[in-house]
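Step one of this worksheet: look at the structure below.
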2 protein chains.
Amino acid sequence: MAAKRSGARSKRSQGMSVRLQSVQESRGEPPLSRERIVATAVELLDTRGVDGLTMRRLADRLGSGVMSLYWHVDNKEDVFDLALDSVLEYRGPPQTVESQDWRGEVVHMLEDWRASMLRHPWSASLLPRRALGPNILGRLELLSKTLSKAGVADADLNVAIWSLWNYVMGATVTRASFDLSDDDRAAAQQRLTHLSERYPTIERSRLLLDDDWSGAFRRGLDFLLDGLAPKQ
Amino acid sequence: MAAKRSGARSKRSQGMSVRLQSVQESRGEPPLSRERIVATAVELLDTRGVDGLTMRRLADRLGSGVMSLYWHVDNKEDVFDLALDSVLEYRGPPQTVESQDWRGEVVHMLEDWRASMLRHPWSASLLPRRALGPNILGRLELLSKTLSKAGVADADLNVAIWSLWNYVMGATVTRASFDLSDDDRAAAQQRLTHLSERYPTIERSRLLLDDDWSGAFRRGLDFLLDGLAPKQ
DNA sequence: CCATTGACTCGTACGCCGTACGATGCAAAT
DNA sequence: ATTTGCATCGTACGGCGTACGAGTCAATGG
């Protein structure tokens with residue numbers, strides 16, 4: 001049946017055509033390109049949220065017609081995929097001697113992951129529905145390579161990777177949904193009052209109020225890594 | 001400004017009016033109710049996915065007019081909230097002496113959580129965007145209570161809860177996105193071939209192919225609990 | 001020099017969506 | 001007999017994603 005996404009992702013050629021920008025827009029925007037579309041999509045997602053990204057609005061911001069987008073992009077899902085992956089690029093730890101401090105490398109990558117996703121809260125809500133893009137796979141690869149080099153046994157490697165991965169994913173996703181639900185403080189407050197009746201323990205521990213998320217994240221991560229480390 | 005969701009969630013009264021079903025449908029469906037709407041929404045989500053849930057389709061399945069739904073339900077977001085929470089109910093471990101085996105209780109609840117979400121794959125993708133419903137909070141409360149009873153220090157309690165929580169959330173969310181991307185095997189296979197070029201380590205460890213997800217889930221969880229347990 | 005090609009843009013239109021509004025039916029209360 | 005209030009629903013509006021086909025313009029090559 002209908003071959004969805006069969007190889008080429010849009011109608012534009014993959015080759016590098018070096019056409020100068022057309023004269024047609026006398027003082028308009030630069031010409032459309034996949035990069036410009038993705039960048040603007042991210043802008044739109046940042047300012048208006050997932051539901052605020054509309055092909056029409058996207059075209060408006062780019063100063064183009066709606067259907068022009070479809071030359072560079074398959075469809076709206078494609079835009080989501082590209083925007084998500086574009087936000088998850090990783091350039092490695094700031095300055096390292098090759099592979100000495102494996103633990104520092106892992107922590108840096110995972111904290112950067114978390115920071116990237118929280119900088120673009122829509123990404124956490126998008127991620128479960130999208131395929132794994134190259135930047136995501138790249139991070140998994142880096143994680144795998146680093147742990148392997150650090151001496152984690154092959155038999156434990158996958159469990160170790162997934163444990164760390166799950167931890168980070170869960171932390172960002174959970175955090176994202178908290179941000180949403182705290183949007184209007186009135187409702188949150190009301191939820192908390194009848195919370196103390198029905199959920200005394202989490203009320204007492206101030207589980208939902210403790211806002212040192214990144215500290216808790218780091219502590220849990222450290223704990224996880226302590227267990228994962230072979231010894232050193 | 002506009003008071004969204006201010007207290008009462010729909011126009012219907014909360015009181016228990018015991019009206020018998022109206023005579024009007026001579027051989028039709030039972031009368032509408034919030035419960036019937038939610039149950040049908042879950043059906044629809046199970047069979048057609050997140051994008052398959054439409055107010056019109058929902059009404060069709062219920063044998064009612066579209067706008068009738070809005071008497072029982074605020075809007076479509078409300079339907080999502082209710083469907084999600086309805087799927088996350090928890091009835092406790094099968095048969096336990098009060099609070100003896102705290103570890104068994106925690107494992108059971110978390111594995112049930114994971115199983116519930118995987119039974120309804122749309123739930124993982126919905127969760128990041130929705131507020132915390134009573135069933136979610138109930139599980140957090142149970143987790144908190146159990147860990148506290150098990151002797152986890154108050155200072156470590158929140159980190160412990162969030163670590164476990166994040167792990168489970170991440171596992172289900174990750175798993176859900178894998179299910180999506182494996183939808184058509186052709187694309188998956190192609191992704192794997194150029195995977196071995198660009199991502200040699202995760203290719204070698206068969207990270208993406210290892211399909212013993214629940215085994216890995218359990219192993220990682222055991223590890224986490226080992227670390228969390230005070231001693232016993 | 002002109003015709004052809006192919007990269008790129010875009011106006012129109014279609015079918016579907018969520019839902020505001022107001023009309024209706026019907027049982028219970030007055 | 002009238003009023004009230006729960007519940008249903010038809011119509012309509014504005015917005016959405018995108019199929020289709022016509023248009024523009026630079027490069028090509030005869």
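Below, each value reflects all heavy atoms present in this structure, side chains not excepted, and no hydrogens, waters or symmetry copies. All chains are named by letter (A, B, ...) in the order of the sequence lines, taking the proteins before the strands, and each is independently numbered beginning at 1.
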Exercise. May I ask you to decide if Val50(B)'s main-chain N or O and Arg129(A)'s side chain share a donor-acceptor pair within less than 3.5 Å?
Key: no
Quiz prompt | Whether Arg56(A) side chain and Val66(A) backbone form a donor-acceptor pair below 3.5 Å | solution = no
Exercise. Find the distance Leu69(A):CG to dT18(D):C1' and express it as a whole number of Å.
Key: 11 Å
Quiz item: Within less than 4.0 Å of OP1 or OP2 of dC9(D), is there a side-chain N or O belonging to Ser68(B)?
Solution: yes
For nucleotides 19-22 of chain D, print each protein N/O atom paired with a nucleotide N/O atom at under 3.5 Å, atom names and distance only.
none

Quiz prompt | Check ion pair Arg139(A)-Asp112(A) (N to O, under 4.0 angstrom) | solution = yes
Quiz item: For DNA chain C, what residues of residues 37-55 of chain B have any heavy atom nearer than 4.0 Å?
Solution: Leu53(B), Thr54(B), Met55(B)
Self-check item: OG on Ser64(A) to CG on Leu32(A), rounded to 0.5 Å
Solution: 4.5 Å
Quiz item: Given atom NZ of Lys76(B) and atom C1' of dG15(D), what is their separation to the nearest angstrom?
Solution: 14 Å
Quiz item: So does Arg56(B) reach the base of dG18(C) with its side chain, donor to acceptor, closer than 3.5 Å?
Solution: yes
Practice problem: Nearest 0.5 Å please: distance from the CG atom of Leu110(A) over to the CH2 atom of Trp165(A). | Solution: 8.5 Å
Quiz prompt | CH2 on Trp162(B) to CZ on Phe217(A), rounded to 0.5 Å | solution = 14.0 Å
Quiz item: Rounded to the Å, how far apart are Asp60(A) CG and dG15(D) P?
Solution: 12 Å
Quiz item: In whole Å, what is the span from the CH2 atom of Trp71(B) to the P atom of dT24(C)?
Solution: 18 Å
Practice problem: Grab the two heavy atoms, one from Ala41(A) and one from Val79(A), that are nearest each other, plus how far apart they are. | Solution: CB-CG1, 3.7 Å
Quiz item: Does any N or O in the side chain of Glu141(A) come within less than 3.5 Å of the main-chain N or O of Thr201(B), such that one atom is a donor and the other an acceptor?
Solution: yes
Practice problem: Kindly say if His72(B) contacts the phosphate of dT8(D), meaning a side-chain N or O under 4.0 Å from OP1 or OP2. | Solution: yes
